Amino acid sequence: NLKHRMIQMKYTLKVLILLFGINANCQDIIPFELKEDNRIYLKVSVNQSDTLNFLFDLGANITVINKTRLAGNKVDVKFDSVVLNKGTNGITKEQISIGNSVRVGNTNYSNTDILGISYSENDILDGIIGSNLFKNKVIRINYESNELTVYDKLPKMSETFYVVSE
């Protein structure tokens, strides 16, 4: 019985060391939902709002809020000026809000600029998380656990992982 407990303790210790080693430079672990449109959605709060569903889209270089759903979601966003936005629909004039607080996972991103774009009433997104929040970060997407892991630098991976290069 003692031998069996010692083996269990060794195994537990190895698992803890492995988990600690992988997450040593981990900044945040963010749960996500893969919706019916096969896109990743994150739970987000803007300026201490209730929870919103934002699309995770690193192709967008700025965080976006869906102006069509603003009133219904009771989000306190003040638009400061108008900017030109180059998006999938070409170049458009859109309103921008400067210096907002955006909470994703356990991290609060202060002084975040948010572009306001009106999407269709039928669109399920409340906004878009763009690459501006994750600048100089490494993101690991785990579809099995439905989690994004944010790292400050590339983590040391086991031999079963490899970097894909050209």
Side-chain angles (χ1 to χ4, degrees), residues 8 11-77 85 87-89 97 100-166:
Q8 277 184 320
Y11 176 74
T12 303
L13 183 60
K14 285 181 182 177
V15 170
L16 288 174
I17 289 170
L18 177 64
L19 289 175
F20 180 75
I22 288 176
N23 290 321
N25 68 343
C26 171
Q27 178 186 350
D28 201 357
I29 297 175
I30 305 167
F32 70 80
E33 185 178 354
L34 194 63
K35 296 212 177 197
E36 59 275 357
D37 61 359
N38 289 319
R39 298 189 296 180
I40 293 174
Y41 288 83
L42 307 175
K43 300 295 184 194
V44 173
S45 173
V46 175
N47 298 331
Q48 291 80 42
S49 71
D50 289 338
T51 302
L52 305 168
N53 290 306
F54 272 46
L55 174 67
F56 176 69
D57 181 2
L58 296 182
N61 64 358
I62 190 167
T63 299
V64 176
I65 195 151
N66 183 352
K67 287 176 24 181
T68 308
R69 297 171 64 100
L70 263 180
N73 286 326
K74 299 178 184 170
V75 181
D76 183 27
V77 174
N85 176 54
T88 56
N89 295 327
S97 179
N100 297 277
S101 171
V102 177
R103 184 165 193 78
V104 183
N106 295 317
T107 304
N108 190 52
Y109 299 90
S110 57
N111 289 325
T112 303
D113 297 343
I114 298 177
L115 196 64
I117 298 179
S118 297
Y119 293 96
S120 162
E121 285 283 341
N122 299 326
D123 211 318
I124 62 174
L125 62 88
D126 294 319
I128 297 172
I129 290 296
S131 61
N132 60 322
L133 291 190
F134 299 111
K135 188 174 183 176
N136 299 318
K137 302 291 182 191
V138 176
I139 308 292
R140 184 175 99 187
I141 302 172
N142 186 328
Y143 287 97
E144 291 177 9
S145 65
N146 285 0
E147 293 177 329
L148 298 178
T149 306
V150 182
Y151 297 94
D152 291 324
K153 60 183 180 180
L154 189 63
K156 183 176 182 181
M157 296 291 188
S158 71
E159 294 164 6
T160 60
F161 291 91
Y162 58 93
V163 176
V164 178
S165 60
E166 295 178 45

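Computed from a predicted model, the values in this text were never measured in an experiment. In what follows, residues are counted from 1 in the order of the sequence shown.
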Problem - Stepwise side chain to side chain contact (heavy atoms under 4.5 Å, CB included) test for Leu34 and Ile40 - result: CA-CA 5 Å; Leu34 194 63; Ile40 293 174; 4.1 Å; yes
Pairwise side-chain contact, [X] with [Y], heavy-atom cut-off 4.5 Å (strictly under):
| X | Y | result |
| --- | --- | --- |
| Gln48 | Arg103 | no |
| Phe32 | Tyr143 | yes |
| Lys137 | Asp152 | yes |

Spacing of [X] atom [atom1] and [Y] atom [atom2] [to the nearest 0.5 Å]:
| X | Y | atom1 | atom2 | answer |
| --- | --- | --- | --- | --- |
| Lys67 | Leu115 | NZ | CG | 8.5 Å |
| Leu42 | Thr51 | CG | OG1 | 12.0 Å |
| Asp57 | Ile62 | CG | CD1 | 13.0 Å |
| Ile65 | Ile117 | CD1 | CD1 | 11.5 Å |
| Asp76 | Leu70 | CG | CG | 10.0 Å |
| Ile30 | Ile129 | CD1 | CD1 | 8.5 Å |

Side chain of [X], backbone of [Y]: donor and acceptor closer than 3.5 Å?
| X | Y | value |
| --- | --- | --- |
| Asn132 | Thr63 | yes |
| Asn100 | Thr112 | yes |
| Asn66 | Leu125 | yes |
| Arg140 | Tyr151 | no |
| Thr68 | Tyr119 | yes |
| Asp126 | Asn53 | yes |

Handout entry: Which atom of Ser49 lies closest to which atom of Leu52, heavy atoms considered
Key =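 Closest pair (atom of Ser49, atom of Leu52, distance): OG-CD1, 3.6 Å.
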Handout entry: Residues Lys35 and Asp37 bridged, charged N to O under 4.0 Å
Key =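 Answer for the salt bridge query: no.
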Practice task
In sequence, state the C-alpha distance, the side-chain angles, and the governing distance for Val104 and Phe54, and then conclude on side chain to side chain contact (heavy atoms under 4.5 Å, CB included).
Solution key: CA-CA 10 Å; Val104 183; Phe54 272 46; over 6 Å; no
Practice task
For Asn108 and Ser101, test the side chains for any donor-to-acceptor distance below 3.5 angstrom and give the result as yes or no.
Solution key: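 Indeed, the side chains of Asn108 and Ser101 share at least one donor-acceptor pair under 3.5 Å.
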Handout entry: Qualifying residue, where the test is side chain to side chain contact (heavy atoms under 4.5 Å, CB included) with Phe56 and the options are Ile128, Ile141, Leu133
Key =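 Only one of Ile128, Ile141, Leu133 forms a side chain to side chain contact (heavy atoms under 4.5 Å, CB included) with Phe56, namely Ile141.
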